> 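Take a look at this one; I'll ask things after.
Atom set for the values below is all heavy atoms of this structure, side chains included, hydrogens, waters and symmetry mates excluded. Throughout, a chain's letter reflects where its sequence line sits, starting with A, and its residues are numbered from 1. Not measured: the values here are computed from a predicted model.
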Amino acid sequence: MHCWSKLFIPTLREAPSDAEVASHKLLLRAGYIRQLGAGIYSYLPLGQRSLNKIIAIVREEMDQIGQEFLLPALNPREVWEESGRWTGMGDNMFRLKDRKGAELCLAMTHEEVMTSIARNELRSYKQLPQIWYQIQTKFRDEPRPKSGLLRVRQFIMKDAYSFDIDAAGLDASYNKHDTAYRTIFTRCGLDFVAVEADSGAMGGSQSQEFMVYTEAGEDLIASSASGYAANLEKATSKLAPVEDLAPTSDTPELVHTPGFRTIDEVGAFLQTKPHHQLKTMAYIVEHPESDAKQLKVVGKTRAVVAFLRGDHQLNETKLSAIALGQLRPMTPEEIADTFHAPAGYLGPIGLEAAPHPRKPGVLVVLDAALEGRTNLIAGANKEEYHLRNVTPGRDFKPTVIADIRNINEGELDPIGGEPLRLGKAVEIGHIFKLGYKYAESMGATVLDKDGKATTPIMGSYGIGIERILTAAIESSAAKFAAESATEQYALPPAIAPFEVIVTITNVRETELLEAGEKLAKELDAAGIDVLLDDRDERAGVKFKDSELIGVPYRINIGKKLAQGQLELVDRLNQTTVDLPLDSITTHLISLLAASKQ
RNA sequence: CGGGGCGUAGCGCAGUCUGGUAGCGCACCUGGUUCGGGACCAGGGGGUCGGAGGUUCGAAUCCUCUCGCCCCGACCA
């Protein structure tokens, strides 16, 4: 049992001005953390208690499927050379030299170390599968640490690696992690979604990110009630059908549109809807040096033209995936070169499209939403003129047809047809099928049934420990902000530093003090993690402090004690009830049990 | 790395433009009153004004350099 009067809980009335996001301010104010440098934090007792609880849950679930290691954070250059990541990681890796001048790094992840153990020790398919995990501090020299514990240079990560004899084995290991992660995040009280992520270079490989919606997040995701979830860079949607315009002739027809350039202006002038228009966007792609093939074929830079429905937005990431390089908008001169017309009057007709993405010429991409549409309004590539009756396929042929638009909130997901929710999110976990990359480059093999050397196939699985805490605070703070316009939060009991706080409203009244101490002992004996606020402070101060540290339940010992009553404040549901002294422990036990079911 | 902002007491800030040797609120210490929503009165302690150099009789204030932190972007798990 812990008494506040003896603990180090340095709460602040005001947040340091450096803090921007809610969780950062609250973690500082509540005395969970203190900053030592950019992206470097000390975890104070309260923060440490909470993180320990998260780690305990992670460990419990991971022990169901794997075995725990603890690996060195300090790694010699050699292992990272072998995997090719000594250079591959670039400036993101912290590097140092020892007294002899040997080069070392602070590990960002542990594929190399794990694979080197596997290489040295695993001999036979009979030893597979293996799932090895650890909970360790990782170091990343982030270009821009920010948002308190959300993006830091030193953080605790649970990382796991699986070794299997074949793809079917990897599937099984991957699925075990998927299940374990869902259990872990649920037990931590998080409302999360699993997002299909980029499948990477290896064909058929799979990857999933576990995300929590929060405004403080850095990723944009879309999800729906049917279980569909995707990064905005990947997300697609089912569109409601739209009526095409009636043709005024069988061929495109010039319309004089003096001074009308934007979708809205042209739409208003021609009395049509934005979705009747074809929008033209012009970019230049700069191919990276590494894409030698592309450079050879089409040169270092290339014109890229995208056609979208008038009311849709381009997703540059999707387009850049097709264009194979970084995009930048065309300059007016480049536009003139390509279209022989000024911006505002660009269109598809008369534009010479490359016959194939890998062939020279202008890369013309038609958004899939325009496939099958007819009689669109488009720029005429002639100043002050647009065209009507433009029909893709008949009047012009793009290089490729592909999904290159951003989806919008409320559109229907492609699998279940449920409305999509769009928002910022923070990644708390990531599982993916690595394939042979590390085992192969580092020369790990085992003998298969036929006595033949075989490269094991690997998976890699991470969880950001601090991000679980941060995401929980952000979620709760957002809820409080919406409901009461206040900056506060309450943590799920499973990961709160204490499950309940017993607040003695006035320790100078002996009856209150004794009743509080007795109750706290009783709760403690019942296995509840209790904090007794026995400080000689005014009640208001103690109430505020109890809220600041995010403890989900508070028992007020005060005036009503004379009638044998106590108050139980449920901060998760924002309710207060009076309960008889002798029933409070059982009541709380059932509340806690319900919260952890 | 590009753009912007900020470094003055533990925290939040004023003072900088127009140089004259540092102030307010909270927190902290002592005494008293108060005691269910961040009390009140009285007294008190605490600051290399981020650092270095320069200008000046005199620099928190002006000039040069430098370090750090935050935000937007780029980048990145």
Side-chain angles (χ1 to χ4, degrees), chain A residues 8 10-21 24-25 28-31 34-41 85 88-93 107-111 138-148 150-155 157-159 195 197-198 200 207-211 216-219 231 288 316-317 320 326-328 425-432 434 460-464 466-467 486-488 503-509 512-513 516 533 535-549 554-562 565-567 569 576 578:
Chain A
F8 178 62
T11 58
L12 298 171
R13 190 180 288 206
E14 286 171 293
S17 56
D18 282 351
E20 189 86 1
V21 301
H24 189 194
K25 285 190 226 172
L28 284 168
R29 290 187 55 208
R34 285 295 182 264
Q35 182 170 15
L36 189 60
I40 308 173
Y41 289 87
R85 293 210 293 179
M89 283 303 190
D91 289 338
N92 259 357
M93 191 151 74
M108 305 173 62
T109 67
H110 283 79
E111 279 85 358
K138 309 276 176 175
F139 300 87
R140 295 186 187 175
D141 193 358
E142 291 289 342
R144 187 175 157 216
K146 61 173 172 179
S147 308
L150 229 39
R151 189 159 209 82
V152 288
R153 296 196 290 175
Q154 168 175 350
F155 59 97
M157 183 176 181
K158 186 288 301 175
D159 54 325
V195 177
D198 204 339
S207 167
Q208 217 175 75
E209 296 171 334
F210 293 85
M211 316 287 293
E218 296 180 302
D219 295 312
N231 247 299
E316 278 199 34
T317 310
S320 122
Q326 278 274 318
L327 295 171
R328 64 164 174 82
V426 60
E427 179 189 352
I428 51 170
H430 194 173
I431 58 177
F432 65 101
L434 264 186
S460 163
Y461 318 88
I463 290 180
E466 292 93 334
R467 282 191 173 182
T486 56
E487 189 159 82
Q488 37 172 334
T503 300
I504 302 167
T505 55
N506 187 346
V507 295
R508 294 181 184 205
E509 291 183 32
L512 299 186
L513 179 63
D533 192 348
R535 293 175 300 166
D536 185 9
E537 288 285 353
R538 297 167 65 86
V541 172
K542 296 166 91 165
F543 291 151
K544 291 284 187 199
D545 268 347
S546 77
E547 283 149 20
L548 237 195
I549 65 171
R554 183 176 73 220
I555 297 168
N556 296 336
I557 312 238
K559 292 181 259 196
K560 294 171 191 161
L561 182 70
Q565 298 277 309
L566 302 177
E567 274 169 5
V569 181
T576 302
D578 290 346

> When both hydrogen-bonding distances must be under 3.5 Å and the geometry is Watson-Crick or G-U wobble, what is C11(B) paired with, if anything?
G25(B)
> Backbone N or O of R144(A) within a donor-acceptor pair of the E142(A) side chain at under 3.5 Å?
no
> State the pairing partner of C69(B); accept Watson-Crick or G-U wobble contacts with both distances under 3.5 Å, and report none otherwise.
G5(B)
> Roughly, in whole Å, what's the span from CD in E142(A) to P in C72(B)?
14 Å
> Between atom CG of L36(A) and atom CZ of R153(A), what is the distance when rounded to the nearest 0.5 Å?
10.0 Å
> Whether the K146(A) and H24(A) side chains hold a donor-acceptor pair (N or O, under 3.5 Å, no angle test) is what I'd like checked.
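No donor-acceptor contact under 3.5 Å links the two side chains.
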> Pick base, sugar-phosphate or nothing for G90(A), based on heavy-atom distances below 4.0 Å to the nucleic acid.
nothing
> In whole Å, measure the gap between the P atoms of G23(B) and C28(B) for me.
22 Å
> In whole Å, measure the gap between the C1' atoms of U8(B) and U61(B) for me.
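The answer is 11 Å between these two C1' atoms.
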> Can you tell me how far the CD atom of E209(A) sits from the CD1 atom of I428(A), to the nearest 0.5 Å?
11.0 Å
> From C-beta outward on E20(A), which listed nucleotide comes closest to its side chain: C13(B), C71(B), A77(B)?
C71(B)
> Want to settle it: does R153(A) or T109(A) sit nearer the 5' end of RNA chain B, counting the closest nucleotide to each?
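The residue mapped nearer the 5' terminus is R153(A).
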> Among A77(B), C75(B), C69(B), find the nucleotide with the atom closest to the side chain of R140(A).
A77(B)
> What does nucleotides 23-38 of chain B look like as a protein-contact string, B for base, S for sugar-phosphate only, - for none, at under 4.0 angstrom between heavy atoms?
--BSS------BBBBB
> Roughly how far apart, to the nearest Å, are G53(B) and G4(B) at atom C1'?
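Their C1' atoms lie roughly 27 Å apart.
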> Just the rounded figure in Å: distance from C1' of C71(B) to CD of E218(A).
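These atoms are roughly 13 Å apart.
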> Between G15(B) and C6(B), how far is it from one C1' atom to the other, in whole Å?
16 Å
> Counting only Watson-Crick pairs (N1-N3 plus N6-O4 or O6-N4) and G-U wobbles (N1-O2, O6-N3), all under 3.5 Å, who is the partner of C40(B)?
G32(B)
> Ignoring hydrogens, what is the shortest heavy-atom contact between K25(A) and E487(A)? Give both atom names and the distance.
CD-OE1, 3.5 Å
> In whole angstrom, give the distance that lies between atom CG of D91(A) and atom C1' of C1(B).
10 Å
> Under 4.0 Å between a side-chain N/O of Q35(A) and OP1 or OP2 of G68(B), yes or no?
no
> With a 3.5 angstrom cut-off on both distances, give the Watson-Crick or G-U wobble partner of A77(B), or none if there isn't one.
none
> How far, in whole Å, is C26(B) from C40(B) if one measures between their C1' atoms?
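The answer is 15 Å between these two C1' atoms.
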> Roughly, in whole Å, what's the span from CG in N231(A) to C1' in A77(B)?
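Rounded to the whole Å, the gap is 12 Å.
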> May I ask which nucleotide in the shown strands pairs with G45(B), Watson-Crick or G-U wobble, both distances under 3.5 Å?
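Partner of G45(B): none found under 3.5 Å.
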> Rounded to whole angstrom units, what separation is found between the CZ atom of R144(A) and the P atom of G4(B)?
15 Å
> Pick from L512(A), N556(A), D533(A), D536(A): which one makes a side chain to side chain contact (heavy atoms under 4.5 Å, CB included) with I504(A)?
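Filter result, single survivor: L512(A).
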> Less than 4.0 angstrom between a side-chain N/O of S17(A) and OP1 or OP2 of C13(B), yes or no?
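Answer is yes, contact under 4.0 Å.
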> How far apart are the closest heavy atoms of L434(A) and E111(A), and which atoms are they?
CD1-CG, 3.8 Å
> So S546(A), base contact, sugar-phosphate only, or nothing? Heavy-atom distance under 4.0 Å.
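It contacts nothing in the nucleic acid.
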> Select one nucleotide: of C13(B), A77(B), C69(B), the one nearest the side-chain heavy atoms of E427(A).
A77(B)
> Roughly how many Å apart are A27(B) and A39(B), using the C1' atom of each and rounding to a whole number?
15 Å
> Base, sugar-phosphate alone, or nothing: which one does A15(A) contact when heavy atoms must sit under 4.0 Å apart?
sugar-phosphate
> Can you tell me the Watson-Crick or wobble partner of U61(B), both distances under 3.5 angstrom?
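Because no pair has both required distances under 3.5 Å, U61(B) counts as unpaired.
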> Provide the distance between the two P atoms, one in G50(B) and one in C69(B), to the nearest whole Å.
16 Å
> Measure the distance from CZ on R328(A) to C1' on A74(B) and round it to the nearest whole Å.
16 Å
> Apply side-chain contact (heavy atoms from CB on, under 4.5 Å) to the pair K544(A) and T11(A), showing each step before the final yes or no.
CA-CA 10 Å; K544(A) 291 284 187 199; T11(A) 58; over 6 Å; no
> Tell whether D159(A) reaches the base of A77(B) with its side chain through a donor-acceptor pair below 3.5 angstrom.
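For D159(A), whose side chain was compared with the base of A77(B), there is no donor-acceptor pair (under 3.5 Å).
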> Identify the two heavy atoms, one from E537(A) and one from K542(A), that lie closest to each other, and give their separation to 0.1 Å.
O-CD, 3.6 Å
> For nucleotides G68(B) and C57(B), find the distance between their C1' atoms and express it as a whole number of Å.
34 Å
> Nearest whole Å is fine: how far is G5(B) P from D18(A) CG?
17 Å
> Under 4.0 Å, counting only non-hydrogen atoms across every strand here, what does P16(A) touch: a base, just sugar-phosphate, or nothing?
sugar-phosphate
> Which distance, rounded to the nearest 0.5 Å, do you find between the CZ of R140(A) and the CE of M157(A)?
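Atom-to-atom, R140(A):CZ and M157(A):CE are 5.5 Å apart.
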> Can you check the I40(A) CD1 to C70(B) C1' distance for me, whole Å?
15 Å
